[in-house]
Amino acid sequence: MPIVNADIAAVFGEIADLLELQGANPFRIRAYRNAARTLGEMGRSVRAMLERGEDLDALPGIGADLAGKIAEVVNTGSCAQLERLRRELPPGMTALLAIPGLGPKRVRTLHDELGIETLEQLLVAAREGRVGQVHGFGAKTQQLILDAAQRQLAQDRRFKLAAASQVADALLAELRAVPGVKQAVAGGSLRRMRDTVGDLDLLVTAGRGSPVMQRFAAGADVERVLSQGATRASIVLRSGLQVDLRAVPPASFGAAWLYFTGSKPHNIALRRLAQEAGLKLNEYGLFRGDRRIAGATEASVYQALGLDFIEPELREDRGEIDAARVHRLPRLVQLADLRGDLHSHSKASDGHDTLEAMANAARAHGLQYLAVTEHSKRLALVHGLDAGRLARQIDEIDALNARLQGIVLLKGVEVDILEDGSLDLPDAILGRLDLVVGAIHHRFDLPREQQTARLLRAMDHPHFSILAHPSGRLIDERPASDIDLQRVVRKARERGCFLELNAHPARLDLGELACRMARDEGVLVSIDSDAHSTLEFDNLRWGVGQARRGWLGPADVLNTRKLEDLRPLLAATMGRSASAITSAAPRLAAPAAAGRHQQLRKRVRSG
DNA sequence: GCCGTTTTCGGCCCGACTGTTTTCAGTCG
């Protein structure tokens, strides 16, 4: 198995954990954690960079030492320092850090005083009351450990964005009803639209004496109160979701919202920026000495730091601060920019509603076109269409389009990409469609090389428009397939076809980093609902959130285009010349894509 | 361990809450 960035990130993460237990310099530990994050997030493969002889220490947070360790892992598959640390510290001790309330110092103390090296030993010691005897520990801490064990701790569970959002909306409505509360908003990864949310961060401004903290902690769904003070409280809901509430005065609202929205690396970068300017930034405001110079709004803080306003989805310290300084932030795509949806199902396969109902619902969501893309025959379980049924649906859609007002149905299919990369329906029927959406629905577990080759072959098919849910992941249920995404994105560029960002909250696939890779390569992304009922067009907002996290603007998204501009782009992917289309050629790539396609056909014929 | 229009050494974001303390360290976000 070739070493990928995530492998090296894991090595650095473990080194950081072990160094932490050893009580090493915290900034040294942070250097490893920062490097792990950089490696995990960057689109390019460091292995490939090394093969090309590029300098790794040009990467942020990577110096000579870490560059050397990266090369060592790539070349040998292991890291001498990690091996040494593993010998010095018992394996399993890092698992103790997962218990809330236990940090490196206490884990170290437990080891030195009681000889505890594993979770099991810790539980035994806690049950026997030995933990409470240790200096600095008490009955409460001992109980904390037992409680954590009961809840099967260690798994740090995350919730899907859409589910967390519903909970947040309900809590915010309750908070707004508490006397004295002026504003109540959500921050954290929810506001940044991360695909999953670890906990909710809520913020209120409230008058003095408002009972907001007490009411919050006494809520009906509250299982446990972790902490409760005058300005801050943490609870755990019955669902296991942790919620943190913070109250600040109105003059600090913007600074506090900024702080509570994060991300942590973004906050650190801003605070450093403030520091360099002789200022101090905290959740109460931006200060010069004792004087607050900004803080009532987020915009006031950014402005005082010499930055353009940064949208929450971009606040990850992935270059947004530099871009804001030189006015180079993208105008991000918005839900209202979407003019259509290119992936949906009706009763004909596994959807719940008729074509007409779906069309009307799409129009009600402000869309001007909707592609009908039923499953193909291989998915017999969901009544996938064979060529005959698809041909009849084509006629049905033509008839329906003649009657429909204000919305156009496009004729498509979600054809299965078979294990060898061929498509599940004959060319003759695929060629009659407006677009072909291809997707994998079985054998998600092929080895990287084989899975990648499977996708590349499918995308080379003469009728192939959009690769749907490219990684195949289902959050919490199925991991992403192991594919070489960069090659897939480059293939899409060569071939002139498109990648889907499936907006279903359990998928959100492409992920944000892949979106950014597509943008960098000039490949358009289609944000689609994959709606199986009229209710699911609302899910488009989650897809838009991911796209925004991937820095996509309206021009980077396929279905922001008007229908007349979209048609030639789709026609080119279907092997039809764009010149056959009556409407004006779009600004983007259609002629070039057609040219590439002709070359491709030549190759196919000669091959 | 990284980094540098002050620095190749000496910095590295900042504050709230808890538990176990007799004034604060540890943890967390």
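All values reported here derive from a predicted model rather than from experimental measurement. Naming convention: chains lettered A, B, ... in sequence-line order (proteins, then strands); numbering from 1 in each chain.
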Worksheet entry | Position toward the 5' end of DNA chain B (nearest nucleotide), A:Asp199 or A:Leu66 | A:Leu66
Practice prompt. Using the C1' atoms only, state how far B:dC13 lies from B:dG29, rounded to an integer number of Å.
Written response: 12 Å
Practice prompt. Check the distance between B:dC2's P and A:Asp317's CG and give it to me in whole angstrom.
Written response: 17 Å
Discussion item. So that I can tick it off, tell me whether A:Arg473 and A:Asp195 are bridged by a salt bridge, with the cut-off set at under 4.0 angstrom between side-chain N and carboxylate O.
Written reply: yes
Worksheet item: Is B:dG15 paired to anything, Watson-Crick or G-U wobble with both distances less than 3.5 Å, and if yes, which nucleotide?
Response: B:dC28
Worksheet, complete the sentence: All heavy atoms of A:Leu281 vs all of A:Arg271, minimum pair found to be O-NE, 3.3 Å
Worksheet item: Between B:dC17 and B:dC12, how far is it from one P atom to the other, in whole Å?
Response: 25 Å
Worksheet item: Taking atom P of B:dC2 as reference, at what distance in whole Å does atom CG of A:Leu19 sit?
Response: 13 Å
Practice prompt. Identify, between A:Val134 and A:Ala67, the residue whose nearest nucleotide on DNA chain B lies closer to the 5' end.
Written response: A:Ala67
Can you give each donor-acceptor pair under 3.5 Å made by side-chain atoms of residues 239-255 of chain A, sequence neighbours left out, with the distance rounded to 0.1 Å?
residue, atom, partner, partner atom, Å
A:Ser239, OG, A:Leu241, N, 3.4
A:Gln242, NE2, A:Asp244, OD1, 3.1
A:Asp244, OD1, A:Ser234, OG, 2.6
A:Arg246, NH1, A:Glu283, OE2, 3.3
A:Arg246, NH2, A:Glu283, OE2, 2.8
A:Arg246, NH2, A:Tyr284, OH, 3.4
A:Ser252, OG, A:Tyr284, O, 2.8
A:Ser252, OG, A:Arg292, NH1, 2.9

Discussion item. Among B:dG1, B:dG29, B:dG19, which nucleotide has an atom closest to any side-chain atom of A:Thr141?
Written reply: B:dG19
Discussion item. What's the gap between B:dT6 and B:dG1 when it is taken at their P atoms, as a whole Å value?
Written reply: 28 Å
Worksheet item: If you measure from the P atom in B:dT20 to the same atom in B:dA16, how many Å do you get, rounded?
Response: 22 Å
Worksheet item: Residues in ring-ring contact (aromatic ring centres under 6.0 Å, His included) with A:Phe287, at least two apart?
Response: none
Practice prompt. Take A:Glu512 and A:Arg192 through the test salt bridge (charged side-chain N to carboxylate O under 4.0 Å, His left out) and record every step on the way to the result.
Written response: CA-CA 12 Å; A:Glu512 60 202 56; A:Arg192 301 200 314 279; over 6 Å; no
Discussion item. So that I can tick it off, tell me whether A:Asp520 and A:Arg516 are bridged by a salt bridge, with the cut-off set at under 4.0 angstrom between side-chain N and carboxylate O.
Written reply: no
Practice prompt. Rounded off to whole Å, could you give me the NE2-to-P distance for the A:His135 and B:dC24 pair?
Written response: 14 Å
Worksheet item: Salt bridge or not for A:Glu320 and A:Arg315, using N-O below 4.0 Å?
Response: no
Practice prompt. Can you tell me, in whole Å, how much space there is between the C1' of B:dG26 and that of B:dT21?
Written response: 12 Å
Worksheet item: In the 5'-to-3' direction, what one-character label does each nucleotide of nucleotides 8-18 of chain B receive under the scheme B = base within less than 4.0 Å of a protein heavy atom, S = sugar-phosphate only, - = no such atom?
Response: ----BBBBSSS
Worksheet item: Any side-chain N or O of A:Gln242 less than 4.0 Å from the OP1 or OP2 oxygen of B:dG29?
Response: yes
Response to the item:
Separation of B:dT20 atom P from A:Ile145 atom CD1, nearest Å, is 10 Å
Worksheet item: A:Arg315 CZ to B:dG29 P: how many Å, rounded?
Response: 20 Å
Item to complete: Give one of base, sugar-phosphate or nothing for A:Ile29, where a contact means two heavy atoms less than 4.0 Å apart.
Response: nothing
Worksheet item: Say you pick atom C1' in B:dC2 and the same atom in B:dT7; how far apart are they, in whole Å?
Response: 14 Å
Worksheet item: Quick one: A:Glu20 CD to B:dG1 C1', roughly how many Å, whole number?
Response: 15 Å
Fill in: Interatomic distance, A:Gln143 CD vs B:dT20 P [rounded to whole Å]
12 Å
Discussion item. Please determine whether a side-chain nitrogen of the Lys or Arg among A:Glu14 and A:Arg86 lies less than 4.0 Å from a carboxylate oxygen of the Asp or Glu.
Written reply: yes
Worksheet item: Rounded to the Å, how far apart are A:Arg194 CZ and B:dG29 C1'?
Response: 14 Å
